[in-house]
Amino acid sequence: MSRGAGWLLAEMLLFFVPAAMIVIQNPQLFGTLGLKLLLVIVVGTVLVMAATALTIDLLFRWKQRRESR
Amino acid sequence: MKAAEGLLFDWAWPLFWLLATLAAYYAAKALYRRHPAPWSAPLVLAPLALLLLAAALHARYADYLRGTHWLSAMLGPATVAFALPVYQQRALIRKHWPLLCIGVAVGSSVAILSAWGMATVLHLPEELRLSLAPRSITTPLAMDVSKMVGGVPGLTAVFVMLTGVCGAMFGQLMLRWLPLRSGLARGAMFGMAAHGMGVAKAREIGDEEGAIAGLVMVMAGMLNVFAGPLLIRLL
């Protein structure tokens, strides 16, 4: 079971490829609208990453300090 | 004869797209192994090559979908396969789950509010704004949330995809910029912001990061399905 799960996880990116092709059906996404959407996605993703990682890391350090006291 | 020709033609394009997808993926993967860089990630190059090919051949999306829909169907079992690394890291998770819960709540709020805020500033149509909100969670759940709040599930799938690619690309840079001491924070960052693609990336960084990312992805998905529609309706 562990080997099967390992294969699924290793080749997982392949299963995402077809989902991307839906943009063929939505050509309007290639114009200014697409650039705006890309901006929202890039900035939003960076914000989410920073907020999540910093929150957890600060709490983790605080917890470690308290435990070592 | 004509019927046979029709049948052949019926199967030729879907089969062609299946083979093209597999070829593009494995070629991109081989290239990435030799020149690992954010722009050469298989999820950037393979769809790009296929899109160019599709544009050149004037492909119909229905043909593409018919050849490759079972690949997308494998996402279900692949998501379940994340249970294994999560199980292997259960001790770590038992110790730190309150931290992860807080991180997921903060991350999900930032994801929805940032999409809403920027879409409003840029005057994007309501429909797109609603389709953008659930983009940080795994595709099947994101499409569910999108449908619940009145977005377009198909577009949400594209935004989820772009978010995943973007998260996997920028994650490496974020690790360099942010002073993160714990594998917990590194893993959660990828699982929260970039769902399955982030988890795949986190697994390249380390076992602990990979398992935490997988768990955080599942937690973020569940929180968004239950609380996401409420938050989006409040806005």
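A, B, ... follow the sequence lines: proteins, then strands. Residue 1 opens every chain.
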Asker: Measuring heavy-atom distances to chain A, does B:L51 have an atom under 4.5 Å in its side chain, in its backbone, in both, or in neither?
Answerer: both
Asker: Report, in residue-number order, which members of residues 60-67 of chain A are under 4.5 Å from chain B by heavy-atom distance.
Answerer: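 Checking residues 60-67 of chain A against chain B gives A:F60, A:R61, A:K63.
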Asker: Count the heavy atoms of every other residue, nucleotide or ligand shown that sit under 6.0 Å from CD of B:E127, and state whether that count exceeds 12.
Answerer: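 No, because the 6.0 Å sphere around CD of B:E127 holds 12 heavy atoms or fewer from other groups.
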Asker: Mind listing the closest non-hydrogen atom pair of B:G167 and A:M49 along with its distance?
Answerer: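 Scanning both residues completely, I find the closest heavy atoms to be O-CE, 3.1 Å.
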Asker: Pick from B:Y25, B:W70, B:W17: which one has the most heavy-atom pairs with chain A under 4.5 Å?
Answerer: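 Option with the greatest count: B:Y25.
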Asker: Among B:L113, B:L65, B:L22, B:T68, which has the most heavy-atom pairs under 4.5 Å with chain A?
Answerer: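 Of the candidates given, the most pairs with chain A belong to B:T68.
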Asker: Report the option among B:V106, B:V110, B:L180, B:V216 that has the most heavy-atom pairs separated by less than 4.5 Å from atoms of chain A.
Answerer: B:L180
Asker: Within the structure provided, determine whether B:L100 and A:I56 are in side-chain contact (heavy-atom separation under 4.5 Å).
Answerer: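 Counting from C-beta outward, B:L100 and A:I56 do come under 4.5 Å.
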Asker: Considering all heavy atoms of both residues, which atom of B:G107 and which atom of A:T52 are nearest to each other, and what is their separation?
Answerer: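 That would be CA-OG1, 3.4 Å.
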Asker: Any side-chain to backbone donor/acceptor pair from A:K36 onto B:L124? Under 3.5 Å, distance only.
Answerer: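 Side chain of A:K36 to backbone of B:L124: no pair is present.
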Asker: If you look at every heavy atom in B:A185 and A:A53, which pair is closest and at what distance?
Answerer: CB-O, 3.5 Å
Asker: Mind checking the CG-NE2 spacing from A:L59 to B:H96? Nearest 0.5 Å is all I need.
Answerer: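 Nearest 0.5 Å value for the CG-NE2 distance: 11.5 Å.
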Asker: Using a cut-off of under 4.5 Å for heavy-atom pairs, which of B:V121, B:L184, B:L173, B:V104 has the most such pairs with chain A?
Answerer: B:L184
Asker: Out of B:R181, B:M118, B:M174, which one racks up the most heavy-atom pairs below 4.5 Å with chain A?
Answerer: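 So the answer, after comparing B:R181, B:M118, B:M174, is B:R181.
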Asker: On a heavy-atom basis, which atom in A:A50 and which in B:L178 lie closest, and how many Å separate them?
Answerer: CA-CD1, 4.1 Å
Asker: What side-chain donor-acceptor pairs closer than 3.5 Å can you find for residues 152-165 of chain B, not counting sequence neighbours?
Answerer:
from	atom 1	to	atom 2	distance (Å)
B:T156	OG1	B:S131	O	2.9
B:T156	OG1	B:S146	OG	2.7
B:T156	OG1	B:V152	O	3.3
B:T163	OG1	B:F159	O	2.7

Asker: If you tally heavy-atom pairs under 4.5 Å against chain B, which of A:T55, A:L58, A:L38, A:V40 wins?
Answerer: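 Of the options given, most contacts go to A:V40.
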Asker: Restricting to non-hydrogen atoms, name the atom on A:L47 and the atom on B:S114 that form the minimum distance, rounded to 0.1 Å.
Answerer: CD1-CB, 4.0 Å
Asker: Flag the one option from B:H123, B:R60, B:R135, B:R186 with the top tally of heavy-atom pairs under 4.5 Å to chain A.
Answerer: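 Greatest number of close heavy-atom pairs with chain A: B:R135.
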Asker: In the structure I gave you, are the side-chain heavy atoms of A:V48 and B:M192 within less than 4.5 Å of one another anywhere?
Answerer: yes
Asker: Which region of B:P98, side chain (C-beta onward) or backbone (N, CA, C, O), has a non-hydrogen atom less than 4.5 Å from a non-hydrogen atom of chain A, or is it both or neither?
Answerer: neither
Asker: Between A:T45, A:L33, A:L14, who has the most heavy-atom pairs with chain B when the cutoff is under 4.5 Å?
Answerer: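 Of the candidates given, the most pairs with chain B belong to A:L14.
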